[in-house]
A.B. asks: 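Sending over a structure as structure tokens; questions will come in a sec.
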Amino acid sequence: MESINSLKNKYMELKNAAEVKMMGKNYPAAMKLIEQATAILKQIYDMDHNPTNREAYKVAMESLRKSYELAKNGGEEVLTYDQPKKPKPVKKPAQPSAKPEQGGAGEPDEDGIIYEWNGIDVKRFLATEARKKVLFDDVVGMEQQKTIIRNEFFLTDEQRAYKQSIGLENKNFILLYGLPGTGKTYFAMAVSNELAKFSGGDVPFFCVSCGQIKEAAVGKSENNLIAIFQFTTQFERCVLFMDEFDAIATDRGKNSGDPTAIPVVNTLLTNLDGFASNPNLLFLAATNYPYVLDAAIVSRVNESLEVPLPTEELLKMTLERKLKGAIDPSVDLGSIAATLARRRFSNRDLDRFVKSVKSQLFDAHLKNPDISVADNVMVQECLGRASSAITTKDVNALEEYKRSLM
Ligand SMILES: Nc1ncnc2c1ncn2[C@@H]1O[C@H](COP(=O)(O)OP(=O)(O)OP(=O)(O)O)[C@@H](O)[C@H]1O
Ligand SMILES: [Mg+2]
């Protein structure tokens with residue numbers, strides 16, 4: 001008898017072939033392939049007794065049924081208001097590896113999720129940083145960016161259906177770019193936690209630091225990438241956040257020194273297309289260097305969002321928040337914010353400054369317990385020592401990039 005894995009491979013081949021026929025508007029051929037894929041899926045369903053997987057097969061079956069209807073209708077979508085479905089923690093059936101000859105998927109864990117592809121344990125790429133408990137309210141400023149994310153992903157079934165009915169496309173590849181320490185990772189963590197709150201945990205958020213994906217041995221980085229994409233596409237809905245995206249997405253033409261760069265970008269492109277074609281998946285990437293990214297990757301970005309250096313007003317707001325209760329009310333935070341803005345302070349630089357004020361205050365308090373807030377002398381002393389980590393070279397390069405977009 002054929003193994004479940006080999007049947008899954010067949011199912012995916014038929015499903016993919018059907019999609020190709022659909023795109024080519026060859027509906028009779030697509031219908032035939034969908035019928036075959038359905039028959040195989042039924043076989044898999046009968047063989048696999050894992051309840052979570054069986055739920056996922058039912059979802060896949062429903063999706064095949066819809067595709068069949070679509071093909072039968074000559075490609076004309078029949079919009080009904082019960083779609084799209086409510087987000088559920090249901091996993092999709094395991095998909096074959098993009099390089100099946102190299103091994104494919106491992107066995108599902110007790111939670112029904114497959115964590116291993118081609119012998120690569122995906123868990124080691126999933127950063128714990130995603131658990132930082134920040135929400136949008138903790139992110140000072142960035143209102144436009146928050147709105148864009150909300151309108152893309154924090155929608156009720158009705159709102160999603162309406163969006164679909166007016167033919168408004170999803171922006172499911174969003175790039176965050178900006179100078180170091182401006183808050184890209186912080187913002188992404190807030191998105192993760194807001195999403196968990198909004199969906200009741202039904203929409204997982206996976207955070208990957210791209211530097212970790214890179215390995216010197218030939219083929220290793222590509223396999224790591226494939227493993228991550230295979231893992232995430234098991235979920236009916238999820239967000240994949242790739243931090244330090246430039247580590248794997250650099251311009252193929254400018255990377256003669258790194259033999260792994262070209263195959264990695266090619267693998268990324270193939271997998272991104274698969275990911276982006278599913279409106280229920282959101283791909284978020286962050287970089288300090290948008291101008292080094294490969295053009296083919298940039299062309300797939302639906303929304304490029306700058307995370308700028310904080311303005312004087314935002315610096316003041318953040319200072320007020322982060323020094324609350326630790327600063328004498330007579331200290332003019334407005335003028336301090338103006339100095340920090342002139343010195344091009346990032347949020348990370350600001351954090352450092354706040355920390356230095358607090359530790360100065362603590363030292364003073366240890367010497368004299370009556371001192372419980374930092375006064376202007378202390379703050380000015382810290383201000384004298386504080387410096388920004390932002391370099392003129394980085395600022396100029398980013399400005400030039402932004403000019404090139406106009
Ligand atoms: N909008 C914000 N409001 C309040 N604090 C912020 C904000 N953005 C960033 N911070 C603070 O600044 C710190 C640094 O931000 P973060 O690590 O997200 O920067 P980054 O843009 O990812 O930097 P890098 O490019 O170096 O990775 C955060 O840990 C957080 O404490
Ligand atoms: Mg970061």
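Both counts, for ligands and for their atoms, begin at 1 and track the order of listing.
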A.B. asks: Taking the ring of Phe231 and the ring of Phe206, is the distance between their centroids below 6.0 Å?
C.D. replies: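 Ring-ring flag for Phe206/Phe231: true, centres closer than 6.0 Å.
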A.B. asks: Would you say Gly141 touches ligand 1, if touching means a heavy atom closer than 4.0 Å?
C.D. replies: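 So Gly141 does not count as touching ligand 1.
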A.B. asks: Exactly one of Val331, Leu315, Val357, Ile327 should register a side-chain contact (heavy atoms from CB on, under 4.5 Å) with Ile336. Which one does?
C.D. replies: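 Result: among Val331, Leu315, Val357, Ile327, Val331 is the only option passing the side-chain contact (heavy atoms from CB on, under 4.5 Å) with Ile336.
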A.B. asks: So is Pro180 polar-close to ligand 1, meaning N/O to N/O under 3.5 Å?
C.D. replies: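 In this structure, Pro180 places no N or O atom under 3.5 Å from an N or O of ligand 1.
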A.B. asks: Is Asp351 touching ligand 1 with its side chain, its backbone, both, or neither, if touching means heavy atoms under 4.0 Å apart?
C.D. replies: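 The side chain, only.
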A.B. asks: Examine the proximity of ligand 1 to Lys146 and report which part, side chain or backbone, both or neither, has a heavy atom under 4.0 Å away.
C.D. replies: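 Answer for Lys146: neither.
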A.B. asks: Examine ligand 1 and decide if any of its atoms is less than 4.0 Å from a heavy atom belonging to Asp138.
C.D. replies: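 Asp138 counts as a contact of ligand 1 under the 4.0 Å cut-off.
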A.B. asks: Would you call Arg54 and Asp48 a salt bridge, using N to O less than 4.0 angstrom?
C.D. replies: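 Salt bridge between Arg54 and Asp48, a charged N being under 4.0 Å from a carboxylate O: no.
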A.B. asks: Describe, in one word, how the ring planes of Tyr291 and Tyr289 are oriented to each other, choosing from parallel (under 30°), tilted (30 to 60°) and perpendicular (over 60°).
C.D. replies: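 Geometry flag for Tyr289 against Tyr291: perpendicular rings.
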A.B. asks: List ligand 1 atoms under 4.0 Å from Val139, heavy atoms only on the residue side.
C.D. replies: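 Heavy-atom distances to Val139 below 4.0 Å select 1 (N), 3 (N).
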A.B. asks: Kindly indicate whether the side chain of Thr182, heavy atoms from C-beta on, has any atom under 4.5 Å from the side chain of Phe187.
C.D. replies: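 A side-chain contact under 4.5 Å is absent here.
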A.B. asks: Is it the side chain, the backbone, both or neither of Thr182 that has a heavy atom closer than 4.0 Å to ligand 1?
C.D. replies: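 Both backbone and side chain.
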A.B. asks: Ring centroid separation for Phe283 and Phe245, is it under 6.0 angstrom?
C.D. replies: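 Under 6.0 Å, so yes.
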A.B. asks: Check for me whether the distance between the ring centres of Tyr401 and Tyr177 falls short of 6.0 Å.
C.D. replies: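 Under 6.0 Å, so yes.
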A.B. asks: Is there a polar contact, in the sense of an N or O pair closer than 3.5 Å, between Thr318 and ligand 1?
C.D. replies: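 It does not: no N or O of Thr318 is found under 3.5 Å from an N or O of ligand 1.
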A.B. asks: Looking at ligand 1, would Glu244 count as a contact under a 4.0 Å heavy-atom criterion?
C.D. replies: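 In this structure, Glu244 fails to qualify as a contact of ligand 1 - no heavy atom is under 4.0 Å.
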A.B. asks: Quick one: look at Leu350 and ligand 1, take heavy-atom pairs under 4.0 Å, and tell me if it's side chain, backbone, both or neither.
C.D. replies: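 Neither; no heavy atom under 4.0 Å.
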A.B. asks: If the cut-off is 2.8 Å, does any N/O/S atom of Thr185 fall short of it from the Mg ion (ligand 2)?
C.D. replies: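 Coordinating: yes.
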A.B. asks: Got Asp138 and Tyr186 here, is their nearest side-chain heavy-atom distance under 4.5 Å?
C.D. replies: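 SC-SC contact between Asp138 and Tyr186 confirmed.
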A.B. asks: Taking the cut-offs as 6.0 angstrom to the six-membered ring centre and 45 degrees off its axis, would you call Arg237 and Phe153 a cation-pi pair?
C.D. replies: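 The answer is yes, since Arg237 meets both limits relative to Phe153.
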A.B. asks: So is Asn288 close enough to ligand 1, meaning a heavy atom under 4.0 angstrom away?
C.D. replies: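 True for this residue.
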A.B. asks: Counting both backbone and side chain atoms, is some N or O of Phe187 under 3.5 Å from an N or O of ligand 1?
C.D. replies: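 N/O-N/O distance below 3.5 Å does not exist for this pair.
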